[in-house]
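Shown next, in structure tokens, is the structure this report addresses.
Within every chain, numbering begins at 1; the chains are lettered A, B, ... in the order of the sequence lines, protein sequences first and strands thereafter.
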Amino acid sequence: MATNPLRREFYDRDPVEVAMGLLGNILVHQSVEGTVTGRIVETEAYLAKGDSACHAARGRNRKNASMFGPPGRAYVYPIHARYCFNVVTEPEDVASAVLVRAVEPLDGISLMKQRRVPDRLREIANGPAKLCEAFDIDRVLDGWDLTRGVRFWIERDGDFNVGQFEVGRSERIGVTSAHDLPLRFFFKGNEFVSGPKRMRT
DNA sequence: CTACCGATTGACT
DNA sequence: GTCAATCGGTAGA
């Protein structure tokens with residue numbers, strides 16, 4: 001069956017636009033264990049310029065190389081003994097990205113529960129590292145081309161009405177610099193968004 | 001080689 | 001709200 005991944009042009013834009021545009025779209029990972037999908041409900045933008053919290057702020061290295069690659073690739077990096085998943089935005093050599101912080105589990109929930117302990121539905125993917133555990137995203141997928149629609153991609157859900165949620169905006173969670181930049185976006189009131197209630201409304 | 005740290009999480013007051 | 005466990009990557013001796 002043909003897949004319908006978001007195209008390169010979607011990602012080849014300002015990370016703030018991509019971060020807002022990703023909300024409501026569906027993340028898909030087909031692994032040997034089975035297929036899991038989830039609706040993106042929370043994102044954060046990391047800018048190529050003027051953003052000290054961006055991993056590329058102090059230049060290129062082996063770890064952040066994917067961020068300097070073409071748009072529409074994955075940037076997966078390890079932190080605190082876990083992984084986080086970003087999509088690369090803007091043209092090659094412009095190092096910006098969007099962190100996918102939370103998804104609402106849709107298909108393959110039993111498989112996600114197998115991978116996640118505890119397995120309460122709301123807690124399965126309401127955080128960047130939780131999402132990676134539930135979706136089995138690790139460094140093997142760093143640099144993966146999300147626009148091919150093979151194994152790992154993001155697609156639009158034509159039946160989903162984006163307007164049913166108001167989009168909230170806040171400072172980013174967890175960053176130790178550039179606190180003031182309001183670059184986090186989320187569906188207000190959606191229970192699968194990460195953080196305490198005040199960060200979800 | 002060792003030292004340090006983080007875009008986290010989960011447990012706890 | 002606070003705090004410690006976690007470990008791969010990087011920087012520095």
Would you kindly confirm whether A:Val36 and A:Val28 end up in one hydrophobic cluster when ILVMFWY residues are joined by side chain heavy atoms under 4.5 Å apart?
no
Passing candidate, side chain to side chain contact (heavy atoms under 4.5 Å, CB included) with A:Phe85, options A:Val103, A:Leu99, A:Leu27, A:Leu141
A:Leu27
[X] [atom1] - [N] [atom2] separation (whole Å):
X: A:Asp138; N: C:dC7; atom1: CG; atom2: P; result: 15 Å
X: A:Ile124; N: B:dG10; atom1: CD1; atom2: C1'; result: 16 Å
X: A:Glu133; N: C:dC7; atom1: CD; atom2: P; result: 13 Å
X: A:Asn64; N: B:dG6; atom1: CG; atom2: C1'; result: 15 Å
X: A:Glu123; N: B:dG10; atom1: CD; atom2: P; result: 7 Å
X: A:Arg122; N: B:dG10; atom1: CZ; atom2: P; result: 11 Å

Check the geometry between A:Tyr46 and B:dA7 and answer yes if their rings are stacked (centres below 5.5 Å, planes below 30°), otherwise no.
yes
Just wondering, do A:His80 and C:dT6 stack (centres under 5.5 Å, planes under 30°)?
no
Hunt down the Watson-Crick or G-U wobble partner of B:dA7, both distances under 3.5 Å, from any strand shown, or write none.
none
According to the Watson-Crick and G-U wobble definitions, with both distances under 3.5 Å, which nucleotide is paired to C:dG12?
B:dC1
Taking any heavy-atom pair under 4.0 Å as a contact, classify [X]: base, sugar-phosphate, or nothing.
X: A:Arg198; result: sugar-phosphate
X: A:Ala129; result: sugar-phosphate
X: A:Arg184; result: nothing
X: A:Arg82; result: base
X: A:Asn61; result: sugar-phosphate

Is there a side-chain polar atom (N or O) of [X] under 4.0 Å from OP1 or OP2 of [N]?
X: A:Arg139; N: C:dG9; answer: yes
X: A:Arg101; N: B:dA7; answer: no
X: A:His55; N: B:dA7; answer: yes
X: A:Thr176; N: B:dC5; answer: no

Closer than 3.5 angstrom, by distance alone: can the side chain of A:Trp144 be matched with the main-chain N or O of A:Val150 as a donor-acceptor pair?
yes
Distance to the ring centre below 6.0 angstrom and angle to the axis at most 45 degrees; does that hold for A:Arg13 and A:Phe10?
yes
A:Arg116 side-chain proximity, nearest of B:dT8, C:dC7, B:dG10
B:dG10
Identify which nucleotide among B:dG10, C:dG9, B:dT8 has an atom closest to any side-chain atom of A:Pro78, counting heavy atoms from C-beta outward.
C:dG9
Would the A:Tyr77 and A:Tyr75 ring centres measure less than 6.0 Å apart?
yes
Using the rule side chain to side chain donor-acceptor pair (under 3.5 Å), only one of A:Asn86, A:Asp51, A:Thr89 pairs with A:Ser96; which is it?
A:Thr89
